[in-house]
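Working notes for the structure below.
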There are 2 protein chains.
Amino acid sequence: MLTIGSLAKKTGTKVQTIRYYEQIGLMPEPGRTEGGQRRYGEAELDRLSFVRHARQLGFSLGAIRELLDLSDHPGKSCSEADAIARRQLKQVEQRLARLEALRTELKRMVLECSGGQTSDCRVLEVLRDHSECLTEHEEIGA
Amino acid sequence: MLTIGSLAKKTGTKVQTIRYYEQIGLMPEPGRTEGGQRRYGEAELDRLSFVRHARQLGFSLGAIRELLDLSDHPGKSCSEADAIARRQLKQVEQRLARLEALRTELKRMVLECSGGQTSDCRVLEVLRDHSECLTEHEEIGA
DNA sequence: AAATTACCTACAGTGGGTGTAGCTTTATGC
DNA sequence: GCATAAAGCTACACCCACTGTAGGTAATTT
């Protein structure tokens with residue numbers, strides 16, 4: 001039986017995060033000691049590992065909920081899980097493309113900065129005037 | 001003189017976001033009509049364009065605050081702005097590296113899925129067992 | 001038995017906004 | 001000159017995915 005702290009260590013999760021997952025129904029309510037402390041078994045360790053691994057791969061908690069659900073029903077078709085993964089892959093590829101454009105732009109900004117006064121600073125100038133950009137980088141966030 | 005709505009349109013910002021920027025002190029308090037509506041001039045349009053452009057390049061609001069401050073003091077050394085941009089470039093490159101690892105992993109997951117039952121699903125299997133991963137992808141988020 | 005460590009709940013805060021409710025102001029058409 | 005509709009106003013709640021804190025209790029170690 002694992003305490004919440006040792007489960008946290010084993011999975012590289014913060015204790016609060018585990019309690020948070022419980023709160024939002026992603027992790028089950030575990031058993032408790034007489035004194036009211038949580039105790040976990042193998043099943044919970046596996047489930048949390050799954051969640052953390054999926055998070056590392058960039059899946060949202062919503063997607064992870066779906067994946068867990070599929071994982072809990074081994075008879076179901078695999079195609080749903082596959083669709084979720086494909087969706088995720090697509091997102092990752094979109095982000096990659098955007099980040100590559102950003103890198104190009106930032107590199108150019110940095111290279112062109114001659115180190116004088118801010119009035120001549122290319123970094124600030126480029127930020128002031130989008131038309132100086134060589135690449136498109138429209139979307140914000142994510 | 002621009003209304004908040006036309007400023008929003010010109011800069012591709014939501015009206016609420018402009019008010020939010022004002023609230024957090026990133027945009028100045030503009031003049032008002034007798035009836036209490038905000039009215040903006042060229043200076044505010046330029047400032048908001050700067051902010052939006054920097055956001056598109058992935059700068060945090062904190063970094064943008066610093067950049068605006070530098071931009072307001074044309075005599076200051078450019079090196080600070082340069083340092084902020086370099087920091088940003090580094091972050092972008094780190095994210096790129098991670099995302100590339102994720103793409104590899106997701107691609108592999110999707111390729112190996114044969115389309116049967118979830119009990120045989122490679123997607124779920126890979127998520128269950130990190131040791132099957134070919135790449136490291138430790139950090140979560142961003 | 002004391003001290004330390006780990007745990008508990010409840011709540012606030014993070015970043016960067018977005019959405020909503022219920023009102024007032026401004027612009028347009030007749 | 002007035003009705004109506006569009007756009008504005010404030011204030012607040014909500015989003016994601018956590019993280020941090022305060023004030024207290026349980027479990028472990030010495």
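So that the names make sense, note that chain A is the first sequence line, chain B the second, and so on, each numbered from 1.
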Exercise. Of the residues in residues 63-71 of chain B, which ones touch DNA chain C at a heavy-atom distance under 4.0 Å?
Worked result: none

Problem set entry | Salt bridge present between B/Arg128 and B/Glu125 (N-O < 4.0 angstrom) | no

Problem set entry | A/Val15 versus A/Ala8, closest heavy-atom pair with distance | CG2-CB, 3.9 Å

Problem set entry | Interatomic distance where CG belongs to A/Leu7 and P belongs to C/dC8 [whole Å] | 11 Å

Problem set entry | Side chain of B/Arg55 - closest among D/dC18, D/dC9, C/dG16 | C/dG16

For this session: Could you check how far CZ of B/Phe59 sits from C1' of C/dG16, rounded to whole Å?
Result: 17 Å

Problem set entry | Whether A/Ser49 side chain and A/Leu45 backbone form a donor-acceptor pair below 3.5 Å | yes

For this session: Please report, rounded to the nearest Å, how far the P atom of D/dG8 is from the CG atom of B/Leu2.
Result: 11 Å

Exercise. A/Arg52 side chain: which of C/dC8, C/dG16, D/dC18 is closest?
Worked result: D/dC18

Exercise. Between A/Arg47 and A/Glu44, is the closest basic N to carboxylate O distance under 4.0 Å?
Worked result: no

Exercise. Under 4.0 Å between a side-chain N/O of B/Thr3 and OP1 or OP2 of D/dA7, yes or no?
Worked result: no

Problem set entry | Note, B/Leu89 side chain near B/Glu93 side chain (heavy atom, < 4.5 Å) | yes

Within the sub-3.5 Å range, which N or O atoms of nucleotides 19-25 of chain C have a protein N or O partner, and how far apart are they?
unit_1, atom_1, unit_2, atom_2, d
C/dG19, N7, B/Gln16, NE2, 3.2

For this session: For residues A/Phe59 and B/Leu106, determine if any side-chain heavy atom of one lies less than 4.5 Å from a side-chain heavy atom of the other.
Result: yes

Exercise. What integer distance in Å separates B/Glu22:CD from D/dG8:C1'?
Worked result: 13 Å

Exercise. If you pin B/Tyr20 and A/Ile4 to their nearest nucleotides in DNA chain C, which one's is more 5'?
Worked result: A/Ile4

Exercise. Which nucleotide, D/dA17, C/dG17, D/dT19, lies nearest any side-chain atom of A/Thr17?
Worked result: D/dT19

For this session: Write down the distance between CG (B/Leu61) and P (C/dT18), rounded to a whole number of angstrom.
Result: 11 Å

For this session: Identify whether any heavy atom of B/Ile24 sits under 4.0 Å from a base atom; if not, whether one sits that close to sugar-phosphate; answer base, sugar-phosphate or nothing.
Result: nothing

Problem set entry | Exceeds 12 heavy-atom contacts within 6.0 angstrom, atom NZ of B/Lys76 | yes

Exercise. To the nearest Å, how far apart are A/Leu48 CG and D/dA17 P?
Worked result: 15 Å

Exercise. Does a side-chain N-to-carboxylate-O contact under 4.0 Å join A/Asp82 and A/Arg86?
Worked result: yes

For this session: Kindly say whether B/His73 contributes a backbone atom to a donor-acceptor pair with the side chain of A/Thr118 at under 3.5 angstrom?
Result: yes

Problem set entry | Value in whole Å for how far the P atom of D/dA7 lies from CZ of B/Arg39 | 13 Å

For this session: Only one of B/Leu70, B/Val51, B/Ile24 passes side-chain contact (heavy atoms from CB on, under 4.5 Å) with B/Arg65; say which it is.
Result: B/Ile24

Exercise. In whole angstrom, what separates A/Arg38's CZ from D/dA27's P?
Worked result: 13 Å

Exercise. Looking only at side-chain N and O atoms, does A/Tyr21 come under 4.0 Å of OP1 or OP2 in D/dA17?
Worked result: no

